[in-house]
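Taking it in order: structure first as structure tokens, then the write-up.
Keep in mind the model is a prediction, meaning the values are calculated, not measured.
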Amino acid sequence: MPKKQKVKGADALLLSLVAEGTDVMFGYPGGQVIPIYDHLYDYRDRITHILTRHEQGAVHAAQGYARATGKAGVCIATSGPGATNLVTGIADAMLDSTPLVCITGQVPATMLGTDAFQEADIISMTMPVTKWNFQVTAASEIAPAIARAFYIARSGRPGPVLIDITKNAQVEEVDFAYKPCTGLRSYNPKPALDGSRTAEIVEMINRAERPLILAGQGVTLAGAETSLAEFAAIGNIPIATTIMGISSVASDNPLFIGNIGMHGHIPANKLTQKSDLLIAVGMRFSDRVTGAVKKYAPNAKIVHIDIDQAELGKNLRCDVALNADARDALEAMKVGLKYRERAGWLESAAKYREKEQQRVVAKTVDPKGRSISMAQAVGILAEKVGSGAVIVTDVGQNQMFSARYSRFDRHRSFITSGGLGTMGFGLPAAIGAKMGVPQKEVVAVLGDGGFQMTMQELGTIMQNKIGVKVVILNNSFLGMVRQWQQLFYDRRYSFTELENPDFTMIARAYGIPSRSVSAPGELEGAIADMLEIEGAYLLEVVVRPEENVFPMVPPAAALDDSIYNE
């Protein structure tokens, strides 16, 4: 039995966080969490608290920390507007399976339901976007709630949980003893592996002429990156990834053929449509991956492996469904898998790669050298920063260009908002990632629109001396919406043009060195200078206003119907 000690509820919370291995948390104080923050003053040697400039910044930073480290990210906010400001990040984490423990303060239990100052029913609000939430109304509930929260957030398909703690619970005394949660009745986070089903899948692969592995973020969440590479090598099977699966496979792996979906690589999309067997591991067949479902992979049998039973058959029919942990499944399927030459199948990927080079990549550079393209900026950044850096993006064209032209050889190196597509995610998420992996270079690639949604977090960088490199691709537009307006709405650019401030002056106001470049000849040197400077840096790259991301699968079209830069 753990030894008990008499403590205040706020202490019970902080001791519980320490027991769960929390070393960094992100937050913003307020009236209903003052007792917690008062006790936090004495925990500065055990927990590093990062004061963000907005609660949304805190939750996105916790997401970045979790995605970079594999640990649960922790954030804290007060009641009412503090709690509601976390909701976007919580919803984002739910769709992207990011483990978070979000702590909110609440009015005293005796005042619940009275519309007290800054009271909001955050439990009801977050029920649809959390794996679990719970309102603590007594100090005795704090330690068990935190234990359960971490267990649920990290186990099975990870996700966000929220613990709402009334103010009276924070100041009451309690006999504290911490007991980690190791299981819950009726909750089975890791299903038993069905050996007969894995054997059936292996036999299907051995018979297939044109198999293709589709790897999603579930590979990373299961720590299955090495298992995936070995599995693919044994069977000589090409691999494509979803956006969220990027960096689960090294970019220079000879079997890697690119990303799938709306702005995916030509080889990945073409081989999907020509495959006779798709092996989908830890992905959910979102609409941005499949395009028109009725025209998706018309020649293929589909094997779907996912730890979440609810995803199997939800968006797309599958011939064989395996409810399993990705690493367990891949390790089991390595047994009995046979090597096949598949020369023609792999050569077709090489031919499509050459086609993409000619029809897409070669056309991203201005032949007259008058302007910088986003593709060019990301490509040179990838060359200079190396494949071991962590790239964090915002949402929009900057995100898609980063997905297409960055290079990775280490796991957990590409962090982006996938399912919810949250603008403003990139800068605070990069802060969290850098706090989680301080030894790595962390570069935030942002658009001018998304940057301005959370640019106040430059203050967080300044105060905490966080060495994030920030690259703003400035085209003075909400670029992705403008691209759709150009292609599908007769160039009616309705409220997508931005009149921007001087970003370099803003950076300097926060004590962050900065530079702006607009000439192609200056770009390489500017990126090299940024990377040589120790600490934070902001580089504005002024890019072509009307550059588009290609290829592009139009909405409701098949993957075969991509638009090219022609």
Side-chain angles (χ1 to χ4, degrees), residues 10 13 25-37 40 49-66 72-96 98-109 111-137 145-146 149 152-153 159-170 394-395 417 419-429 431-432 450 452-457 459-460:
L13 169 65
M25 62 190 296
F26 306 88
Y28 202 97
Q32 304 302 340
V33 288
I34 288 178
I36 295 172
Y37 272 86
L40 184 59
H49 177 275
I50 300 298
L51 173 65
T52 58
R53 295 303 183 264
H54 192 284
E55 292 89 356
Q56 185 177 348
V59 67
H60 289 328
Q63 287 178 271
Y65 176 91
V74 179
C75 61
I76 182 170
T78 193
S79 63
T84 60
N85 281 341
L86 297 179
V87 173
T88 295
I90 294 171
D92 190 288
M94 188 68 175
L95 276 171
D96 285 351
T98 303
L100 293 185
V101 174
C102 303
I103 299 159
T104 53
Q106 186 55 274
V107 300
M111 299 179 70
L112 289 170
T114 67
D115 292 333
F117 178 66
Q118 290 191 336
E119 181 188 2
D121 185 359
I122 197 64
I123 294 296
S124 295
M125 291 181 195
T126 59
M127 193 172 292
V129 292
T130 52
K131 280 188 73 177
W132 179 68
N133 64 13
F134 183 74
Q135 187 171 73
V136 168
T137 58
I146 292 298
I152 293 173
V161 300
L162 181 136
I163 305 298
D164 191 44
I165 307 177
T166 59
K167 195 168 187 178
N168 62 287
Q170 300 170 35
D394 211 81
V395 168
S417 170
L420 198 63
T422 304
M423 289 181 67
F425 171 89
L427 182 61
I431 290 171
Q452 290 181 87
M453 286 192 169
T454 51
M455 68 181 181
Q456 71 276 0
E457 299 306 331
T460 305

Pairs of donor and acceptor atoms involving the side chains of residues 98-108, under 3.5 Å and at least two apart or interchain, shall be tabulated with distances.
from: Thr104; atom 1: OG1; to: Asp164; atom 2: OD1; distance (Å): 2.7
from: Gln106; atom 1: NE2; to: Ala120; atom 2: O; distance (Å): 3.0
from: Gln106; atom 1: NE2; to: Asp164; atom 2: OD2; distance (Å): 3.0

- Note on the structure: What one should report as the nearest heavy-atom pair of Ala66 and Ala72 is CB-C, 4.5 Å
- Shortest non-hydrogen contact from Ala61 to Phe26? CB-CD2, 3.6 Å
- For Cys75 and Ala62, the nearest pair of non-hydrogen atoms, with its separation, is CB-CB, 4.1 Å
- Do the side chain of Asp96 and the main chain of Gly419 share a donor and acceptor less than 3.5 angstrom apart? yes
- Task: Could you check if a side-chain atom of Leu162 sits within less than 4.5 angstrom of a side-chain atom of Ile123, using non-hydrogen atoms only?
- Result: yes
- Give, for atom CD1 of Ile36 and atom CD1 of Ile165, the distance between the pair rounded to the nearest 0.5 Å. 5.0 Å
- Task: State which residues pass side chain to side chain donor-acceptor pair (under 3.5 Å) with Gln170; sequence neighbours excluded, sorted by chain then number.
- Result: none
- Message: Can you give me the closest heavy-atom contact between Gln32 and Ser79, atom names plus distance?
- Response: CG-OG, 3.0 Å
- Heavy-atom nearest pair, Gly82 first then Ala77, reads O-CB, 3.4 Å
- Message: Restricting to side chain to side chain donor-acceptor pair (under 3.5 Å), what partner residues turn up for Asn168, sequence neighbours left out?
- Response: Thr166, Glu172
- Message: I'd like to check the side chain to side chain donor-acceptor pair (under 3.5 Å) partners of Gln63; sequence neighbours left out, ordered by chain and number.
- Response: His60, Asp92
- Lys131 side-chain N/O to Ile152 backbone N/O, donor-acceptor pair under 3.5 Å: yes
- Any residue meeting side chain to side chain donor-acceptor pair (under 3.5 Å) with Thr130, in chain and number order, not counting sequence neighbours: none
- Taken in chain and number order and not counting sequence neighbours, the residues that satisfy side chain to side chain contact (heavy atoms under 4.5 Å, CB included) with Thr114 are Met111, Ala116, Glu119
- Item | Any residue meeting ring pair (Phe, Tyr, Trp, His ring centres under 6.0 Å) with Tyr65, in chain and number order, not counting sequence neighbours | none
- Sorted by chain and residue number, the side chain to side chain contact (heavy atoms under 4.5 Å, CB included) partners of Leu51 (sequence neighbours excluded) come out as Tyr28, Pro29, His49, Arg53, Gln463
- Exam field: side chain Asn133 to backbone Val161, donor-acceptor pair closer than 3.5 Å: no
- Query: Which residues pass the side chain to side chain contact (heavy atoms under 4.5 Å, CB included) test with Val395, sequence neighbours left out?
  - Reply: Gln399, Ser417, Met423
- Message: Let me confirm one number: the CE-CG distance from Met94 to Leu420, rounded to the nearest 0.5 Å.
- Response: 12.0 Å
- Begin with the C-alpha distance, continue with both residues' side-chain angles, and end with the deciding distance and a verdict on side-chain contact (heavy atoms from CB on, under 4.5 Å) for Ile163 and Trp132. CA-CA 9 Å; Ile163 305 298; Trp132 179 68; 3.6 Å; yes
- Task: Using the side-chain contact (heavy atoms from CB on, under 4.5 Å) rule, take Gln135 and Leu112 through it: C-alpha gap first, then chi angles, then the decisive distance, then the call.
- Result: CA-CA 11 Å; Gln135 187 171 73; Leu112 289 170; 3.5 Å; yes
- Query: Side chains of Val59 and Phe425: closer than 4.5 Å at any heavy-atom pair?
  - Reply: no
- Start with the C-alpha gap between Asp394 and Leu427, add the side-chain angles, then the distance that decides, and say whether side-chain contact (heavy atoms from CB on, under 4.5 Å) holds. CA-CA 7 Å; Asp394 211 81; Leu427 182 61; 6.0 Å; no
- Note on the structure: Output for pair (Ile90 CD1, Asn85 CG), nearest 0.5 Å, gives 10.5 Å
- Taking the side chain from Glu457 and the backbone from His54, do they hold a donor-acceptor pair closer than 3.5 Å? yes
- Check against side-chain contact (heavy atoms from CB on, under 4.5 Å), Leu86 and Ile122: CA-CA 10 Å; Leu86 297 179; Ile122 197 64; over 6 Å; no
